[in-house]
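Side chains included, hydrogens not; waters and symmetry mates left out as well; all remaining heavy atoms used. Computed from a predicted structure; not experimentally measured.
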Amino acid sequence: MINYHPTDKQLRQFAEGNISSALALVVASHCDVCVQCQTKVDEVNSELASNIENIKAHTVTDPAFEKMLASITQLPVLDTPVQKSPCIELDGRFFDVPRPLQRFVKKTGNWSKLLGKVWQAPVDLGDSSMAHFIFMEKGGRVPEHTHRGTEFTLVVNGEFSDGLADYDSGDLIVMDDEHIHSPHSNADEGCLVFSIVDKPLQFTSGIARLLNPFSHLFFK
Amino acid sequence: MLVGISLENKFTNTSKPKDCAEEMSALLMEVAAERCKRSYAKVFGYFAPRLRSYALKQMGNEALAMELVQDTMTNVWQKAHLFNAEKGSPSTWIFTIARNIRFDMLRKLQNRKEDICSDDLWPVLCEQTPDQNEVSLDQQVTLQQVGQLFNNLPDKQKAVIEAIYIDGKSQQEVADQLAIPLGTVKSRTRLALQRLKDMLEDHD
């Protein structure tokens, strides 16, 4: 069951188009699997859309619009055949991902092993953010860390805990330098998450501290 | 060619929103079913200027605003068959398309953030290494491997790295503890990290 949702403010800002594209991606993905939040966004959408309708538009005489109209209507129709939704594959297992993430499936690189039972695949979002699918096998654990910047995590499939709370598929988690946590999964099926950070992690305990000088290389 | 298709805007100030929504829904369905350019021109005439006003306010730039209008209205033309009047009004559908395109544009526009400053990554080396090109070691390194490599360091370097990175001591505290000059702590740290980095690079 989904317990961790975006705030109402984040949902509104998402609808308005006023949040970072990284947060927008995870909020949109969350809404794809959360009817409750999607309904809230729909309400804001129709409110904002009626604002647009109320704009007193000038009578169109702008030649730029004439040109635009002409060029658009020359374009072919896009038939969108029903395609099989792209899945994330790891070791013969296939995971469905929320629709907003589907177009990034083919921009996802190879899996690499980070630690004992934690795997990571980089995702090229086309900007400078550092995005990954991360899979924790049962018993897999990311060393305790805090964040130099902000970390957005969407649980795609499975369950994990991090010492602060327990999370389930669809949960959206926002962490920053006020949070120290150590994500691990005890679920038999493991846990697949999608994660975006804007700065490398900062490991906070034990030998994992040794990773800090190199953390930009793996836990990005 | 497009002879005979004119931009029509007669709905602008006369129709009530609800009537307008029905009118626009009907037009979109004609576009979907028959590729009707006349119907599309009416939809375009109604929404394009409004989208431009909205986009100008949001993006503050005429060229970007027009790009948003063009991309949005292109989607409306090419994907009119995806409009579903039961799910919402035409304006909500078109607004949502515009908003999503805006996020795509933001993503593309976002200046590539400066390469992460090496000072952040190599805090103890900030005085000594102005080299900004600390990148692209092998991505496949694991914690265990770093631990093994760490064990290959000379004892003196290992002691310094352990105190700083594992125990979290400052360089000065390490100097006091080991009764060696601060400069020696710094140079041992630098040499050790350089050595680890070299070992990581050779580690394929």
Side-chain angles (χ1 to χ4, degrees), chain A residues 15-18 20-21 24-25 28 42 45-46 48-62 64-66 68-78 80 112-116 122 125-128 143 148 198-200 206-218, chain B residues 2 5 7 9 12-13 17 20 35 37 40-41 44-45 48-51 53-54 58 66 69-70 73-74 77-79 81-82 88-89 91-92 94-96 99 102-104 106-108 110 112-113 116 120-122 137 139-144 146-147 150 161 165-166 168 193 196-197 200:
Chain A
E16 289 170 345
N18 287 330
S20 70
S21 51
L25 182 59
D42 285 344
N45 281 344
S46 58
L48 297 172
S50 60
N51 288 347
I52 286 188
E53 285 207 77
N54 290 331
I55 291 172
K56 291 271 182 290
H58 319 289
T59 309
V60 185
T61 49
D62 191 329
F65 278 128
E66 298 273 2
M68 191 188 290
L69 174 63
S71 70
I72 288 174
T73 48
Q74 281 176 348
L75 294 171
V77 185
L78 282 190
T80 44
S112 59
K113 196 168 197 166
L114 281 174
L115 305 163
L125 300 181
D127 61 13
S128 58
R148 294 182 171 108
D198 50 10
K199 295 263 178 66
I207 193 155
R209 281 171 173 275
L210 261 180
L211 291 171
N212 284 329
F214 310 104
S215 66
H216 62 302
L217 299 178
F218 7 56
Chain B
L2 287 155
I5 296 178
L7 291 165
N9 203 28
T12 310
N13 298 313
C20 178
R35 297 288 93 199
K37 290 184 180 182
Y40 179 78
F44 184 94
R50 288 175 166 80
L51 283 174
S53 300
Y54 156 78
Q58 288 233 316
M66 287 303 267
V69 176
Q70 174 133 20
M73 293 311 296
T74 300
W77 169 250
Q78 296 190 305
K79 299 179 182 173
H81 54 285
L82 297 179
S89 69
S91 63
T92 303
I94 293 172
F95 167 77
T96 308
R99 199 261 326 286
R102 176 175 144 75
F103 278 127
D104 282 348
L106 283 179
R107 194 173 288 127
K108 281 182 213 150
Q110 191 187 39
R112 291 194 74 82
K113 284 175 200 151
I116 298 158
D120 295 341
L121 302 169
W122 303 80
L137 301 190
Q139 301 258 345
Q140 308 263 346
V141 185
T142 67
L143 178 56
Q144 286 90 335
V146 173
F150 171 71
I161 290 291
Y165 281 99
I166 300 183
L193 288 179
L196 278 173
K197 183 170 168 264
L200 285 168

Does the side chain to side chain contact (heavy atoms under 4.5 Å, CB included) test come out yes or no for A:Thr73 and B:Phe44, once each step is laid out?
CA-CA 10 Å; A:Thr73 48; B:Phe44 184 94; over 6 Å; no
For a side chain to side chain contact (heavy atoms under 4.5 Å, CB included) check, start with the C-alpha distance between A:Leu48 and B:Tyr54, then their side-chain angles and the critical distance, and finish with the verdict.
CA-CA 10 Å; A:Leu48 297 172; B:Tyr54 156 78; over 6 Å; no
Test side chain to side chain contact (heavy atoms under 4.5 Å, CB included) on A:Asn18 and B:Gln58 and set out the steps.
CA-CA 9 Å; A:Asn18 287 330; B:Gln58 288 233 316; 3.9 Å; yes
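Taking each heavy atom of A:Ala49 and B:Phe95 in turn, the nearest pair found is CB-CB, 3.8 Å. Of all the heavy atoms in B:Arg50 and A:Ile52, the pair that sits closest is CD-O, 3.5 Å. Here the closest non-hydrogen pair linking B:Phe103 and A:Ser20 is CE2-O, 4.4 Å. Closest heavy-atom contact between A:Leu75 and B:Trp77: O-NE1, 2.9 Å. Here the closest non-hydrogen pair linking A:Glu16 and B:Arg102 is O-NE, 4.3 Å.
Although no hydrogens or angles enter the test, the distance criterion places no donor-acceptor pair under 3.5 Å between the side chain of A:Glu53 and the main chain of B:Thr92. In this structure, the side chain of B:Arg99 does not engage the main chain of A:Gly17 through any donor-acceptor pair within 3.5 Å.
For chain A, the nearby part of B:Thr96 is the side chain; its heavy atoms alone come within less than 4.5 Å. Heavy-atom distances place both the backbone and the side chain of B:Gln70 under 4.5 Å from chain A. Of the atoms belonging to A:Ala15, heavy atoms from both backbone and side chain fall under 4.5 Å from chain B. Contact of A:Pro122 with chain B is not made at all, since no heavy-atom distance falls under 4.5 Å.
Taking OG of B:Ser91 as the start and CG of A:Asn45 as the end, the distance is 10.0 Å to the nearest 0.5 Å.
By the 4.5 Å heavy-atom criterion applied to side chains, B:Gln78 and A:Ile72 are not counted as neighbours.
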